[in-house]
Amino acid sequence: MASASLKSSPVLDKLEWVKGQSLRQPSVSAVRCHPTAAPSTLTIRASSYSDELVKTAKTVASPGRGILAMDESNATCGKRLDSIGLENTEANRQAYRTLLVTAPELGKYISGAILFEETLYQSTVDGEKIVDVLVKQGIVPGIKVDKGLVPLPGSNNESWCQGLDGLASRAAAYYQQGARFAKWRTVVSIPNGPSALAVKEAAWGLARYAAVSQDNGLVPIVEPEILLDGEHGIDRTFEVAQKVWAEVFFYLAENNVLFEGILLKPSMVTPGAENKDKASPEKVAEYTLSLLKRRIPPAVPGIMFLSGGQSEVEATLNLNAMNQAPNPWHVSFSYARALQNTCLKTWGGRPENVKAAQNALILRAKANSLAQLGKYTGEGESAEAKEGMFVKGYTY
């Protein structure tokens with residue numbers, strides 16, 4: 001495997017990661033390219049949704065905005081509610097989700113919201129469809145489509161993500177319900193290898209999901225999460241992520257996925273959470289941006305980073321550091337806990353705290369909006385916002 005050194009690793013030529021992908025111009029059902037130097041015909045497929053996919057991706061990747069990830073499964077949402085003493089009932093989940101989507105002026109800072117299936121079909125406590133509330137705020141509704149992680153036979157206690165069976169029909173139904181993008185999360189564990197089998201399974205699953213989603217009008221968020229678990233240093237994270245991202249984009253091209261119509265949701269390049277040497281925001285930015293430049297086609301409109309257990313402030317500082325100079329992509333955020341943690345605690349399940357909780361959400365959304373523009377200072381942040389949220393072996 002190539003060295004992870006930032007100084008010695010060459011920048012990949014564009015053709016290495018495109019693997020034959022051709023930039024698509026018109027929206028057509030199929031475009032056939034006939035290279036003069038090659039005897040065979042290269043077929044690049046683009047669905048009838050091509051123009052819409054590109055427009056949706058650009059809307060989500062708009063300046064000063066990012067994604068609110070509120071797609072926790074009912075079980076995970078229950079854990080969040082339990083932390084504030086609330087029972088895991090549909091009514092309580094509805095009340096919390098209503099609080100989030102009705103926060104005044106949320107659309108100034110949030111361009112997309114990832115929903116769980118229940119939420120996509122749910123109404124607010126006042127009876128208005130949650131999808132309609134989001135659209136009125138100028139927020140694009142999205143949907144989690146994977147079916148979660150399960151053990152991967154033949155691996156080193158690693159996982160693979162299920163959910164491809166029936167995905168086409170589900171995606172079509174989600175589109176009819178108002179969703180315009182999708183999310184599929186798979187993970188790679190550094191302490192457990194990662195094995196070549198696990199990396200290939202993760203990349204292939206993401207690519208198949210992305211192709212099916214685009215065929216049904218949904219912009220796929222491609223999420224190959226490198227888990228924070230472990231004592232490894234930042235160079236090891238870089239090395240593993242370099243391999244994973246290369247594999248992911250190879251298989252995306254193999255499956256004729258339209259790069260202009262996807263969004264990438266990667267983890268930042270950081271040391272393992274159990275490593276005693278913490279990296280500064282500047283170092284995280286240096287490593288992460290170097291990796292992006294070597295592995296990600298500039299055709300991809302948005303890089304929407306996950307927080308992965310970082311504290312609210314840490315995730316914002318790292319994002320801000322990555323936006324201190326222009327990037328070929330929209331480098332932004334797709335945070336769950338790093339947007340919701342203080343909001344949830346402030347609410348505490350009490351109706352009289354809704355406004356204060358919404359203010360806490362807007363405060364975090366605005367901070368990350370400034371970070372996307374490279375203008376966040378970190379001044380005035382609470383001690384609670386600086387508390388780490390890493391959970392070893394965290395599951396959704």
### Query
Are any non-hydrogen side-chain atoms of I67 and S332 less than 4.5 angstrom apart?
no
### Task
Give, for atom OG1 of T270 and atom NZ of K283, the distance between the pair rounded to the nearest 0.5 Å.
11.5 Å
### Message
Strictly distance-based, threshold 3.5 Å: is any side-chain N or O of S111 a donor or acceptor partner for the main-chain N or O of V60?
### Response
yes
### Query
In Å and rounded to the nearest 0.5 Å, what is the CG to NZ distance from N353 to K355?
12.5 Å
### Interatomic distance, D126 atom CG to Q94 atom CD [nearest 0.5 angstrom]
9.0 Å
### Message
If you define the side chain from C-beta out and look only at heavy atoms, does anything of I296 sit under 4.5 Å from W245?
### Response
yes
### Task
Show your reasoning for whether salt bridge (charged side-chain N to carboxylate O under 4.0 Å, His left out) applies to K243 and E247.
CA-CA 6 Å; K243 170 64 176 174; E247 199 103 338; 3.3 Å; yes
### Query
Hey, any chance L164 and L152 share a hydrophobic cluster, counting ILVMFWY side chains that come within less than 4.5 Å of each other, even indirectly?
no
### Query
Does some side-chain heavy atom of R180 sit less than 4.5 Å from a side-chain heavy atom of E52?
yes
### Message
Clusters formed by hydrophobic residues whose side-chain heavy atoms approach within less than 4.5 Å: which one holds V125, and what are its other members?
### Response
none
### Message
For a 4.5 angstrom cut-off between non-hydrogen side-chain atoms, does L264 reach P224?
### Response
yes
### Task
Indicate the atoms forming the closest heavy-atom contact of A95 with W347, along with that distance.
CB-CZ2, 4.2 Å
### Query
Is the closest side-chain heavy-atom distance between C343 and L100 below 4.5 Å?
yes
### Message
side-chain hydrogen bond (donor to acceptor under 3.5 Å, both in side chains) for R294 and S290? Distances and angles first, verdict last.
### Response
CA-CA 6 Å; R294 297 177 189 189; S290 178; 3.3 Å; yes
### Message
With side-chain hydrogen bond (donor to acceptor under 3.5 Å, both in side chains) as the criterion, how do Y49 and N216 come out once you've worked through the C-alpha distance, each side chain's angles and the decisive distance to 0.1 Å?
### Response
CA-CA 8 Å; Y49 291 100; N216 290 280; 6.0 Å; no
### Task
Over all heavy atoms of both residues, which pair between L306 and Y335 is shortest? Give the atoms and the distance, please.
C-CE2, 3.8 Å
### Query
With a 4.5 Å limit on heavy-atom distance, are the side chains of N368 and L339 in contact?
yes
### Task
Using the rule that two of Ile, Leu, Val, Met, Phe, Trp, Tyr join whenever any of their side-chain heavy atoms come within less than 4.5 Å, decide whether L263 and M70 are in one cluster.
yes
### Task
Output all residues satisfying salt bridge (charged side-chain N to carboxylate O under 4.0 Å, His left out) with E282, sequence neighbours left out; order by chain, then residue number.
none
### Query
Which is it for E72 and K79 under the salt bridge (charged side-chain N to carboxylate O under 4.0 Å, His left out) test, yes or no, and what are the steps along the way?
CA-CA 10 Å; E72 299 89 353; K79 293 177 184 178; over 6 Å; no
### Mutual orientation of the aromatic rings belonging to Y209 and W184 [parallel < 30°, tilted 30-60°, perpendicular > 60°]
parallel
## Note on the structure
Taken to the nearest 0.5 Å, the spacing of S307 OG from E314 CD works out to 9.5 Å
### L120 with I139, same ILVMFWY side-chain cluster at under 4.5 Å
yes
### Message
Determine whether I114 and F181 satisfy the following criterion, side-chain contact (heavy atoms from CB on, under 4.5 Å), listing intermediate values before the conclusion.
### Response
CA-CA 8 Å; I114 312 173; F181 70 93; 3.6 Å; yes
#### Entry: Same apolar cluster (I L V M F W Y, side chains within < 4.5 Å links), I362/F333
yes
### Qualifying side-chain hydrogen bond (donor to acceptor under 3.5 Å, both in side chains) pairs, either residue in residues 53-66, two or more places apart
S62-R65
### Message
What verdict does the side-chain contact (heavy atoms from CB on, under 4.5 Å) test give for V131 and L134, after you've listed the backbone C-alpha separation in whole Å, the side-chain angles of each residue and the deciding distance to 0.1 Å?
### Response
CA-CA 5 Å; V131 168; L134 290 170; 5.6 Å; no
### Query
What residues form a salt bridge (charged side-chain N to carboxylate O under 4.0 Å, His left out) with E118, not counting sequence neighbours?
R93, R97
### Task
Please tell me if the side chains of V269 and I234 come closer than 4.5 Å, counting only heavy atoms from C-beta onward.
yes
## Note on the structure
Residues at least two apart in sequence or cross-chain that pass side-chain contact (heavy atoms from CB on, under 4.5 Å) with A371, listed by chain then number, are T316, L319, N320, Y376
### Query
Do K136 and E128 meet the salt-bridge criterion of a basic N to acidic O distance under 4.0 Å?
yes
### Task
Taking all non-hydrogen atoms of both residues into account, name the closest pair between T124 and T98 and its distance.
CA-OG1, 3.3 Å
### Any side-chain heavy-atom pair of I262 and L258 under 4.5 Å
no
### Query
What about L167 and V248, same hydrophobic cluster or not, with Ile/Leu/Val/Met/Phe/Trp/Tyr joined at side-chain heavy-atom distances under 4.5 Å?
yes
### Query
Between atom NZ of K265 and atom CE of M304, what is the distance when rounded to the nearest 0.5 Å?
9.5 Å
Pairs of donor and acceptor atoms involving the side chains of residues 192-204, under 3.5 Å and at least two apart or interchain, shall be tabulated with distances.
from : atom 1 : to   : atom 2 : distance (Å)
N192 : ND2    : N157 : O      : 3.1
S195 : OG     : E158 : OE1    : 2.6
S195 : OG     : A198 : N      : 3.1

